[in-house]
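Note that ligands are numbered from 1 as they come in the structure, with each ligand's atoms numbered from 1 the same way. We're numbering straight along the sequence, starting at 1. The basis for the numbers below is simple: all heavy atoms, side chains too, and nothing from hydrogens, waters or symmetry mates.
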Amino acid sequence: MPLLEINDLNVRYGEIVALRGVSFNVEEGQVVTLLGANGAGKSTTLRAISGLAKPASGDILFDGKSIAGLGPEAIVRMGISHVPEGRRVFPGLTVKENIMLGGSNRKASKAELSGEADAMFDLFPDIRKFSGALGWTLSGGQLQMVAVARGLMAKPRLLLLDEPSLGLAPVIVQAVFRIITEIRLSTTVLLVEQNARMGLSVADQGYVLETGRIVLGGKPEDLWANEAIAAAYLGGHGKPAAGLAAH
Ligand SMILES: Nc1ncnc2c1ncn2[C@@H]1O[C@H](COP(=O)(O)OP(=O)(O)OP(=O)(O)O)[C@@H](O)[C@H]1O
Ligand SMILES: [Mg+2]
């Protein structure tokens, strides 16, 4: 049984149809990447899974149970953590407190959460020096690391990552993707990316969304193998980014 199963999902924002008949699965232990241009429906797909957008029809099964229409808190408690677009970090809190917030869905003591947040800095050494500071100024990449660390504090079975590389310099993008290769060792990931090369470099399966429909799906090597498809949907020809292979 797939960890996540999306069946014929339709989502509307008023008159706007954002998703039309979207179906795909995420197997436990995999990284699945959703690609597509601006407005294709990538974020809406994640928002529907995490309960932020209500499906008009269709179903979303997590671990075999329907979660379509449940509220975001109930869905987090079931083990799905969503790191949304943008880097929402609370300026009045320290970096460590920001990270600890991610565990507030769990029945863990403050001491436990504190210890786990400290351990997060092993995965994100670039932000360790900001741990206890107030009045910090973080770069875009560092804010992204705080957001991902907060998502991981929920100890999710499924982590939803929305464009973690957006707006970051290439070297920081590499750092963020290196972290994804670490995360994938313990957590199933559904990743949204516009950067097809990077997105597919860590993926077991990829899907391309176009105006709310899945127009293409398969293993990264099969998606790249079709030159016409690669040119039309994957931002040109070429192979996945070197050095970041998923296996
Ligand atoms: N809150 C909203 N109200 C109305 N329409 C929305 C809303 N959010 C998204 N849409 C519309 O739904 C469609 C899908 O948007 P979505 O944000 O899912 O796309 P996306 O693939 O994540 O795009 P991007 O790459 O720009 O983040 C678009 O046509 C968008 O304009
Ligand atoms: Mg989006």
So which protein heavy atom does [atom] come closest to, and at what separation?
atom                    : result
atom 24 (P) of ligand 1 : N38 ND2, 3.6 Å
atom 27 (O) of ligand 1 : E85 OE2, 2.6 Å
atom 14 (C) of ligand 1 : G39 O, 3.4 Å
atom 4 (C) of ligand 1  : Y13 CB, 3.3 Å
atom 18 (O) of ligand 1 : T44 OG1, 2.5 Å
atom 25 (O) of ligand 1 : K42 NZ, 2.7 Å

Among the N, O or S atoms of E85, the one nearest the Mg ion (ligand 2):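 The E85 atom nearest to the Mg ion (ligand 2), restricting to N, O or S, is OE2.
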- prompt: Quick check: does N38 put an N/O/S atom under 2.8 Å from the Mg ion (ligand 2)?
  reply: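 Given the 2.8 Å cut-off, N38 does not count as a ligand of the Mg ion (ligand 2).
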message: With a cut-off of 2.8 Å, does E163 put an N/O/S atom close enough to the Mg ion (ligand 2)?
response: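 Short answer: no, not a single N, O or S atom is under the cut-off.
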Which of these, [options], sits in a side-chain contact (heavy atoms from CB on, under 4.5 Å) with [X]?
X    : options               : value
W136 : L93, L143, I127       : L143
V189 : L160, D204, L161, T33 : L161
L159 : T188, L152, L191      : L152

Give a yes/no verdict on whether any heavy atom in [X] is under 4.0 Å from an atom of ligand 1.
X   : result
G36 : no
G14 : no
R47 : no

Would you call [X]-[Y] a salt bridge at under 4.0 Å N-O?
X    : Y    : result
R128 : D122 : yes
E116 : K155 : yes
R157 : E28  : yes

For [X], the ligand 1 atoms whose distance to one of its heavy atoms is below 4.0 Å:
X   : answer
A18 : 12 (O), 13 (C)
S43 : 17 (O), 18 (O), 20 (P), 22 (O), 27 (O)
I16 : 5 (N)

- request: Find the distance between CD (E97) and CZ (R150) and round it off to the nearest 0.5 Å.
  value: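 Separation between the atoms: 12.5 Å.
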task: Indicate whether any N or O donor in one side chain lies under 3.5 Å from an N or O acceptor in the other, for S66 and D59.
output: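 Side-chain D/A pair, S66 to D59: present.
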task: Indicate whether any N or O donor in one side chain lies under 3.5 Å from an N or O acceptor in the other, for K96 and S114.
output: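 Looking only at side-chain atoms, S114 and K96 do form a donor-acceptor pair, the distance falling under 3.5 Å.
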task: Might you check, step by step, whether the distance between atom 22 (O) of ligand 1 and some protein heavy atom is under 4.0 Å?
output: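 Yes.
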message: Closer than 4.0 Å and a protein heavy atom, does any atom meet both conditions relative to atom 30 (C) of ligand 1?
response: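 There is no protein heavy atom less than 4.0 Å from atom 30 (C) of ligand 1.
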query: Quick check: are there more than 12 heavy atoms from other residues, nucleotides or ligands sitting under 6.0 Å from CZ of R12?
result: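 No, not enclosed.
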task: Please indicate whether K219 has more than 12 foreign heavy atoms, meaning atoms of other residues, nucleotides or ligands, lying under 6.0 Å from its NZ.
output: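 No, the 6.0 Å shell around NZ holds no more than 12 heavy atoms from other groups.
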